[in-house]
Amino acid sequence: MTRQPKKGFTNMPNDNLWGKLLFSPTILNKTKLASSVQAKTIVITGASSGIGEQLAYLLADYPVHLILVARRGEKLQQMKREIEKKSARVSCYQADLRDAKEREGFLAFLHQQPAGVDIVVNNAGHSIRRSIQDSLDRYHDFTRTMAINYFAPVQLLLSLIPQLQRNQGKVINISTINTSLIPLPYWAAYQASKSAFDTWFRSAAPELNAIGIATTSIYLPLVKTPMILPTKAYQNMPAMSAQHAAQWIAKTMYTKRKTIMPWWLIFGQLASIFGRRFWEWAIPRWLRKRRG
Ligand SMILES: NC(=O)c1ccc[n+]([C@@H]2O[C@H](COP(=O)([O-])OP(=O)(O)OC[C@H]3O[C@@H](n4cnc5c(N)ncnc54)[C@H](OP(=O)(O)O)[C@@H]3O)[C@@H](O)[C@H]2O)c1
């Protein structure tokens with residue numbers, strides 16, 4: 001079951017040559033996926049929109065217990081009604097995961113689950129594109145992005161590690177390709193917070209693996225979701241569909257790969273290393289010109 005792209009995405013390149021080249025199709029082995037998720041409890045944070053929403057609909061065909069969390073509770077209830085027409089069972093939890101009290105409530109809810117959690121998909125996230133000059137009185141942009149993109153998943157995982165160890169479970173982190181490239185101007189709040197959790201997770205992963213918890217970091221390129229709508233420059237750039245991103249995530253539920261990234265990211269990483277000095281010379285000049 002997939003959902004139609006939302007309004008505003010219709011003029012974005014979908015299946016053009018660039019799209020096909022950059023985001024070659026994923027083949028999902030439904031039999032393997034079914035046997036690896038059978039009767040599992042899967043937490044999806046940020047399930048009310050974009051990638052998390054599509055992942056929930058993709059998993060609707062399997063006999064799993066989905067625990068969906070986001071701030072838009074009514075949207076989650078509506079998804080529950082649709083998904084439960086198929087094979088999955090759904091529990092919804094409405095919470096602002098930036099809020100410590102609401103996080104505690106969610107954790108208490110998770111600890112009430114009799115079988116415990118088997119798979120956590122850390123997907124909830126918030127992005128902000130704003131120049132430093134425009135951020136001088138907006139310190140809250142930085143605390144808020146850290147709260148949702150860093151502190152929330154750290155607290156969630158610390159609390160769930162004993163359950164995940166007992167169930168020999170899995171954690172899938174939805175990261176971004178930007179964490180391994182030269183940081184872009186205007187994206188300081190988002191990129192710093194996503195990189196913080198990416199580093200935390202990569203540092204914790206060997207310890208988690210040693211106690212039987214599998215881990216996967218997924219480095220997504222641009223994905224057509226409501227998150228990118230405010231950025232005009234992205235409207236005509238090639239971007240992966242949210243359904244495709246959901247397939248990447250679902251595939252990691254039956255493969256043992258620890259890292260998933262687009263095939264072309266390596267070239268960006270090399271350019272980030274060898275082109276850094278040029279970048280640091282050229283970009284301030286370019287920004288100065290733009291400001292006039
Ligand atoms: N789109 C891209 O180009 C792209 C690229 C690389 C990585 N990613 C990552 O992919 C993940 C999913 O993003 P998306 O593109 O699907 O964006 P999206 O459509 O905006 O979805 C974000 C989800 O996070 C939830 N969320 C945001 N703030 C929350 C909060 N304070 N408490 C609880 N839930 C919250 C939202 O639900 P509510 O608003 O209902 O709370 C929503 O379900 C993010 O981690 C993002 O960093 C996206």
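All ligand and atom numbering here is 1-based and tracks the order in the structure. Model, not experiment: these values are computed from the prediction.
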Using a 4.0 Å heavy-atom cut-off, say whether [X] meets ligand 1 through its side chain, its backbone, both or neither.
X: Thr225; answer: side chain
X: Ala47; answer: backbone
X: Ala152; answer: neither
X: Glu53; answer: neither
X: Ala95; answer: backbone

Salt-bridge criterion met for [X] and [Y] (N-O under 4.0 Å):
X: Arg71; Y: Glu102; value: no
X: Asp99; Y: Lys101; value: no
X: Arg138; Y: Asp134; value: no
X: Asp118; Y: Lys170; value: no

Would you say [X] and [Y] make side-chain contact, with heavy atoms under 4.5 Å?
X: Arg89; Y: Val64; answer: no
X: Ile177; Y: Pro262; answer: yes
X: Leu28; Y: Leu58; answer: yes
X: Val43; Y: Ile119; answer: no
X: Ile128; Y: Thr145; answer: yes

query: Does the ring centre of Trp264 sit less than 6.0 Å away from the ring centre of Phe267?
result: no

Contact atoms of ligand 1, heavy-atom distance to [X] under 4.0 Å:
X: Gly50; result: 16 (O), 19 (O)
X: Leu222; result: 3 (O)
X: Pro226; result: 19 (O)
X: Ile228; result: 1 (N), 2 (C), 3 (O)

Identify the protein heavy atom lying closest to [atom], giving its residue, its atom name and the separation to 0.1 Å.
atom: atom 5 (C) of ligand 1; value: Pro221 O, 3.1 Å
atom: atom 13 (O) of ligand 1; value: Met227 CE, 3.7 Å
atom: atom 37 (O) of ligand 1; value: Ser48 OG, 2.9 Å
atom: atom 34 (N) of ligand 1; value: Ala70 CA, 3.8 Å
atom: atom 28 (N) of ligand 1; value: Arg71 NH2, 3.2 Å
atom: atom 31 (N) of ligand 1; value: Asp96 OD1, 2.8 Å
atom: atom 16 (O) of ligand 1; value: Ile51 N, 2.8 Å
atom: atom 19 (O) of ligand 1; value: Ser49 OG, 2.5 Å

Out of [options], who gets a non-hydrogen atom closest to [atom]?
atom: atom 27 (C) of ligand 1; options: Gly125, Ala56, Gly46, Ala124; value: Gly125
atom: atom 7 (C) of ligand 1; options: Ser175, Ala245, Ser127, Ala246; value: Ser175
atom: atom 45 (O) of ligand 1; options: Ile218, Asn123, Ile174; value: Asn123
atom: atom 3 (O) of ligand 1; options: Leu55, Ile148, Val223, Leu68; value: Val223
atom: atom 8 (N) of ligand 1; options: Tyr234, Tyr190, Phe106; value: Tyr190

- prompt: Does ligand 1 have an atom under 4.0 Å from some heavy atom of Ala239?
  reply: no

message: For the residue pair Arg290 and Trp286, would you count it as a cation-pi contact if the rule is NZ or CZ under 6.0 angstrom from the ring centre and within 45 degrees of the ring axis?
response: yes

message: For Gln269 and Ser180, which I'm curious about, is there any donor-acceptor pair between the side chains at under 3.5 Å?
response: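 Present: a donor and an acceptor within the cut-off.
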
field: Parallel, tilted or perpendicular: rings of Phe109 and Phe106 (30°, 60°)
entry: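 Parallel.
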
